[in-house]
Engineer: 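Just dropping this structure here.
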Amino acid sequence: MTTVLVATVKPFAPQAVEGIKKIVDEAGYEFRLLEAYADQSEFVAAAADVDALIIRSDKATREVIQAANNLKVIARAGAGYDNIDLEAASEKGVVVMNTPGQNANAVAELAMGMIVYFARKSFSGKAGTELKDKKLGIHAYGNVGKRVAAIAKGFGMEICAYDPFIPDEVIQNDGLVCLKSAEELYSTCNYISLNLPANEHTVNSINENLLSRMPVPAVLVNTARKEIIDEEALLKLFEDRGDFAYISDVAPDCKDVIEQKYPGRTFFTPKKMGAQTEEANINAGIAAARQIRDFLEKGDTTFQVNK
Ligand code: 3PG
């Protein structure tokens with residue numbers, strides 16, 4: 001019998017699990033669930049005899065993929081697939097898919113929520129600042145960047161975007177200023193929202209050359225991945241500029257140092273929670289289940305990322 005394993009260190013909302021199970025049951029497959037596992041070895045063992053995997057940021061390493069003898073497809077219920085060893089999957093003929101856009105609104109709402117929280121001094125009662133007429137730069141205009149811009153418009157922010165992969169007209173038609181380079185974006189905007197994937201081109205790419213250009217006061221907002229930040233540059237910015245702040249859904253490795261040395265200039269969530277809403281879990285989880293079914297039944301590889 002075809003078996004589908006949902007393996008989530010960070011569990012989905014129960015409604016999402018129910019929705020996934022329903023699709024799996026109706027397709028006539030066996031549904032298995034491994035949630036909040038304590039050790040990677042549990043994931044390796046649970047994946048050993050399954051045909052399909054639904055995961056979130058769970059680490060689908062070479063070890064997991066090689067141990068899973070029957071594995072045909074991995075659906076990442078989410079956007080980023082930097083947690084999956086694509087080379088190992090391709091070598092084994094395993095199709096890897098993501099579910100782009102399904103959790104974008106949740107991530108964008110968190111980005112704007114963190115910006116408001118920070119601008120209003122953590123709701124402490126001290127005088128903060130407003131967002132109206134402030135300049136926001138969207139670095140990468142994908143599904144999340146688009147939603148951040150749409151929400152920020154409601155705050156009356158001036159919004160610029162830079163994305164070398166998106167035609168200028170798309171950005172302009174959404175009423176944004178389309179900038180020609182990352183350098184220009186960082187030179188222009190007091191707030192920068194990072195909406196880039198982590199890959200060989202972007203890791204460590206948010207560096208001193210970019211960050212040092214930001215006008216005073218500068219607030220860097222990261223709901224993407226910690227790996228895209230050059231942490232040496234981050235530490236230097238904190239040291240050189242008293243106006244620089246960093247708020248992030250993914251705490252940097254140097255979290256303890258900067259929190260201790262530069263109080264009041266950071267905010268970090270306790271765990272990555274951008275996509276942690278019922279709606280996003282349902283959207284991404286159900287999309288993943290449907291994509292697996294459509295791949296197994298019809299060979300549909302629409303969202304394959306290891307083509
Ligand atoms: C994504 O890449 O989709 C987001 O970072 C969400 O990741 P998560 O499913 O682990 O919360």
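Order of listing sets the numbers, starting from 1, for every ligand and every atom in it.
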Engineer: Answer with side chain, backbone, both or neither: which part of Asn103 has a heavy atom less than 4.0 angstrom from an atom of ligand 1?
Structural biologist: side chain

Engineer: Answer yes or no: does an N/O atom from Ala79 fall short of 3.5 Å to an N/O atom of ligand 1?
Structural biologist: yes

Engineer: Using a 4.0 Å cut-off to any heavy atom of Gly78, which atoms of ligand 1 qualify?
Structural biologist: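 Listed by number with element: 3 (O).
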
Engineer: If you count the atoms of ligand 1 from 1 in the order shown, which ones are under 4.0 Å from a heavy atom of Ala275?
Structural biologist: 6 (C), 11 (O)

Engineer: Taking the six-membered ring for Trp, is the centroid-to-centroid distance between Phe238 and Phe244 below 6.0 Å?
Structural biologist: yes

Engineer: In the protein, what heavy atom is nearest to atom 10 (O) of ligand 1, and what distance, to one decimal place, separates them?
Structural biologist: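 Residue, atom and distance for the closest contact: Ser57 OG, 2.4 Å.
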
Engineer: Could a heavy atom of Arg225 be found less than 4.0 Å from some atom of ligand 1?
Structural biologist: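 Yes; Arg225 lies near enough to ligand 1 that a heavy-atom distance drops under 4.0 Å.
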
Engineer: Do NZ/NE/NH1/NH2 and the carboxylate oxygens of Arg241 and Asp243 come within less than 4.0 Å?
Structural biologist: yes

Engineer: Distance from Glu18 atom CD to Ile23 atom CD1, nearest 0.5 Å?
Structural biologist: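 Reported value, rounded in 0.5 Å steps: 12.0 Å.
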
Engineer: Do the side chains of Glu26 and Lys22 get close enough for a salt bridge, i.e. N-O under 4.0 angstrom?
Structural biologist: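 Salt bridge between Glu26 and Lys22, a charged N being under 4.0 Å from a carboxylate O: yes.
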
Engineer: In plain terms, say whether Arg62 and Glu87 are close enough for a salt bridge, that is, a side-chain N and a carboxylate O under 4.0 Å apart.
Structural biologist: yes

Engineer: Is ligand 1 under 4.0 Å from a heavy atom in the side chain of Arg76, in the backbone, in both, or in neither?
Structural biologist: side chain

Engineer: Should Gly80 be counted as touching ligand 1, given the test is an N or O pair under 3.5 Å?
Structural biologist: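 Between Gly80 and ligand 1, an N or O pair is found under 3.5 Å apart.
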
Engineer: Would you please determine whether Lys10 falls within less than 4.0 Å of ligand 1 on a heavy-atom basis?
Structural biologist: yes

Engineer: Determine whether Asn283 and Asn103 make a side-chain contact, defined as any pair of heavy atoms from C-beta on separated by less than 4.5 Å.
Structural biologist: no

Engineer: Could you go through the side-chain hydrogen bond (donor to acceptor under 3.5 Å, both in side chains) check for Gln291 and Arg76 one step at a time?
Structural biologist: CA-CA 10 Å; Gln291 287 174 213; Arg76 194 292 190 222; over 6 Å; no

Engineer: Note the single closest protein heavy atom to atom 4 (C) of ligand 1, along with its residue, its atom name and the distance in Å.
Structural biologist: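 Its nearest protein heavy-atom neighbour is Lys272 NZ, 3.6 Å.
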
